[in-house]
Amino acid sequence: MTNLVMLIPAALLLGLLGLLTFIWALKSGQFEDLDGAANRILFDDDPPAKKPESNKDSEKS
Amino acid sequence: MASCLHCGQELIPGKEVDGQYCCAGCHAAHDLVQGLGLDLYYQRRSIDPTARPLIPDADESAKVDFALHAREKDAGEQALYLMVEGLHCAACVWLIENVLSRQPGVTYVRLNMTTKRLELRWKTGEADPNQLVHSVTQLGYRLVPYDPARIGDAVSAQEKELLKCMAVAGFSAGNVMLFSVSVWAGHFESMGWATRTFLHWFSALVVLPAVVYAGRPFFKSALEALSHRRTNMDVPISLGVLLTTGMSLWETIRAGEHAYFDAAITLLFFLLIGRYLDSRARGRARSAASHLLALAARAVTVLMPDGTRKLLPPEQVSVGSTVLVATGERIGIDGRVTDGVSDLDTSLISGETLPVQAKPGTQVFAGMTNLSAALRLEVTAVGEATLLAEIVRLMETAELGRARYAAIADRVSRWYAPVVHTASLGTFLVWTFVIGAAWQSALLTAVSVLIITCPCALALAVPVVQVVASSRLMRQGVLMKSATALERLALVDRVLFDKTGTLTLGRPDLLPGEWTQKDLDVAASMALSSRHPLAKALARQCPEAVPRKDVTELAGLGLESDGLRLGRRAWCQVSDELEGGEGPEFWLVGEGRKPVRFAFEDGPRPDSKETVSALKKMGLSMELLSGDRPFAVQALAAKVGLEEWRAQCLPSDKVARLEELKQNGSKPLMVGDGLNDAPALSAAFVSMSPSTAVDVSQTAADVIFQGDRLMSVAETLHVAKRASNLVRQNFALALVYNMITVPLAMAGHVTPLFAAIAMSSSSLVVILNALRLGRRG
């Protein structure tokens with residue numbers, strides 16, 4: 001009986017943790033663009049840092 | 001053939017810019033991308049031939065002021081929500097995001113590839129929204145502002161809600177199984193009542209909140225149905241779940257052994273999975289079709305009496321004023337040409353592929369595109385009075401008139417719910433009054449009848465088949481837009497086709513005639529410098545032709561070079577005695593040459609004959625409805641094997657024909673693509689439209705198929721018929737299951753373990769049966 005008292009809350013807690021993580025992921029919009037996310041991973045480089053000067057030059061050219 | 005470095009379109013020899021670009025716009029766009037150091041884009045992208053090519057719009061005149069659409073965000077930020085047209089692949093997403101995030105002041109850019117929507121945020125005052133948008137339109141994409149509160153958010157919010165409910169139900173179902181399996185195992189190992197009740201209490205703790213939370217979609221819909229004095233599938237589901245949970249709680253309180261918590265929550269979990277998949281499968285088709293751009297929303301250039309030009313929204317233009325239409329511009333009003341000669345693309349209005357010549361006096365309509373030279377028009381009708389608005393109105397009326405089709409699941413539940421509830425009540429009455437049991441135990445048996453007849457298999461019977469069928473069709477490029485389209489397709493007994501763009505490719509091809517290879521070489525070498533569909537067909541026929549220099553194109557007439565003329569009969573001064581023929585033609589004349597005639601024809605899709613015979617084999621009657629001239633319609637009908645045809649049908653004639661068929665008890669499927677078909681598409685019992693169709697038709701159609709293959713129509717009908725068979729089988733299976741288990745339940749022999757096994761096995765059988773549809777054949 002005592003081990004049940006330990007194990008059941010532990011199991012419930014772990015499950016709840018998973019549920020909360022899922023809801024967090026859903027709220028932060030991670031399920032909104034499944035196609036995009038699948039493809040984004042292929043472009044590994046982050047957008048390079050902003051360079052306002054060079055930016056202006058290039059627009060003129 | 002070489003293609004443009006930026007947009008990837010074939011280059012027209014002699015007309016390329018810098019040898020590598022098709023136009024100055026592409027040149028500038030390529031330079032811009034390279035200047036930003038983003039030329040990796042060109043290596044990464046893969047061009048989607050069905051999407052709009054990346055050619056920047058040359059006329060910036062009719063522009064939207066994006067600053068008006070910017071919204072105030074918190075903390076000194078402004079946001080703009082845009083729909084992107086011309087997205088080809090993930091590299092386009094990468095390019096747009098990178099170009100925008102490098103603009104000064106921009107704080108956030110995110111382009112959703114699934115919905116093609118862009119959210120852009122910047123610090124107020126540090127960036128000009130028009131400038132930001134311009135940096136993307138310069139690349140050849142088109143951006144249209146939208147209201148995030150109005151478009152699509154309701155659907156995605158509902159889907160999110162379903163997903164959350166599903167997660168909660170899944171979590172709870174998993175954990176309850178943990179307890180239930182212990183209880184069942186303990187049943188054989190003589191578990192004491194204290195431990196059992198202890199586990200039951202834990203189950204209740206997990207299930208009760210979950211049922212309240214995850215059951216809401218069903219409760220809401222059931223309440224709504226009941227308040228309208230109807231029943232739907234959600235009524236027995238809600239009742240079953242609530243009664244099961246309530247009775248289980250009661251059993252737990254009095255330390256009994258009949259707790260069905262697991263049954264209640266697994267039922268919810270399964271049903272939510274089905275519902276979520278269903279909503280997603282349709283959501284995709286919707287986002288493909290919701291790309292509706294307002295056809296007449298672009299500004300019109302009005303020539304004021306004092307000679308100045310002014311941009312006005314179409315509805316503010318007054319009848320009788322003069323409007324200028326530049327090359328490539330879409331006409332926004334109905335009017336008459338007063339000055340200029342050009343070719344007009346009328347495909348949106350009439351469904352015809354060949355450009356029509358416009359000269360002073362020609363009547364033009366909103367929605368046509370001016371192809372080759374600037375025109376001056378006198379306005380005859382604007383806004384709601386235009387032919388375009390008339391067609392859209394016709395479509396809306398047809399839509400209203402369409403009888404609401406009751407889904408088969410709703411029809412089944414209409415008799416199912418009363419039968420089940422009567423059986424349960426009967427059980428209770430018989431046990432209390434005839435057998436004389438205590439009312440508590442009688443109630444227990446009555447509720448167990450409800451649980452065992454639980455509509456799990458029944459409620460899954462339709463959605464699972466629908467999901468499997470629509471995902472199979474989606475793999476073949478067929479998108480279901482309407483929930484009941486599949487069921488309606490299965491009932492179709494007559495197919496009506498539109499001609500241009502549906503049975504045919506909507507592209508003219510050269511016919512064999514009295515021309516020689518040499519004539520063709522000469523004609524093709526001239527035709528290479530034109531974008532006229534007939535000229536393109538000539539050039540396609542003779543790919544090795546060398547482009548001629550000094551070819552001048554005379555709008556609406558033809559091509560001229562070195563005394564050679566290629567073009568219209570009248571312009572080439574061909575005498576009327578010369579043998580001609582019907583259909584589109586080009587003449588090639590020159591000094592000392594015998595005039596040569598090139599005839600063209602809009603050829604049928606390669607598999608249209610095959611499709612027609614496949615449909616015939618399925619026992620369907622067919623008909624061709626076209627706005628074209630009788631001889632062209634007859635020729636095509638004969639070619640693809642259609643016996644019945646009607647020519648010169650106006651949009652309203654097509655609707656009338658469909659109404660007549662429906663009056664006679666027929667269930668017609670309409671397949672069409674043009675705007676002139678849109679009213680007919682809404683009037684038909686069910687309708688299909690190729691993805692090349694105009695937006696309005698795609699919105700009106702129930703099903704959209706992609707690609708060049710017409711065979712999709714036959715395949716879709718085939719899958720629909722099989723799906724409806726499977727649905728019927730599933731209902732039969734659910735019925736058989738009920739016939740075996742309900743008497744047992746009435747007799748009071750049902751235990752929680754038995755219920756769990758019976759329920760999940762019946763659901764599994766139904767799901768497995770539906771999966772058979774996923775296999776080809």
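Each chain gets a letter, A, B and so on, in the order the sequences are listed, and its residues count up from 1.
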Any residue of residues 169-178 of chain B which, by heavy atoms, sits under 4.5 Å from chain A = B/Phe171, B/Asn175, B/Leu178
key: chain A contact via B/Val168 - side chain, backbone, both or neither, heavy atoms under 4.5 Å   =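 When you check distances to chain A, atoms from both the backbone and side chain of B/Val168 fall under 4.5 Å.
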ask   = Counting a contact as any heavy-atom pair under 4.5 Å apart, which residues of residues 18-25 of chain A contact chain B?
value = A/Leu19, A/Phe22, A/Ile23
key: Distance, nearest 0.5 Å, that separates CD1 of A/Ile8 from OG of B/Ser203   =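 So the CD1 of A/Ile8 and the OG of B/Ser203 are separated by 8.5 Å.
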query = Of all heavy-atom pairs between B/Lys160 and A/Leu26, which one has the smallest distance, and what is that distance?
reply =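 Residues B/Lys160 and A/Leu26, closest heavy atoms: CE-O, 3.4 Å.
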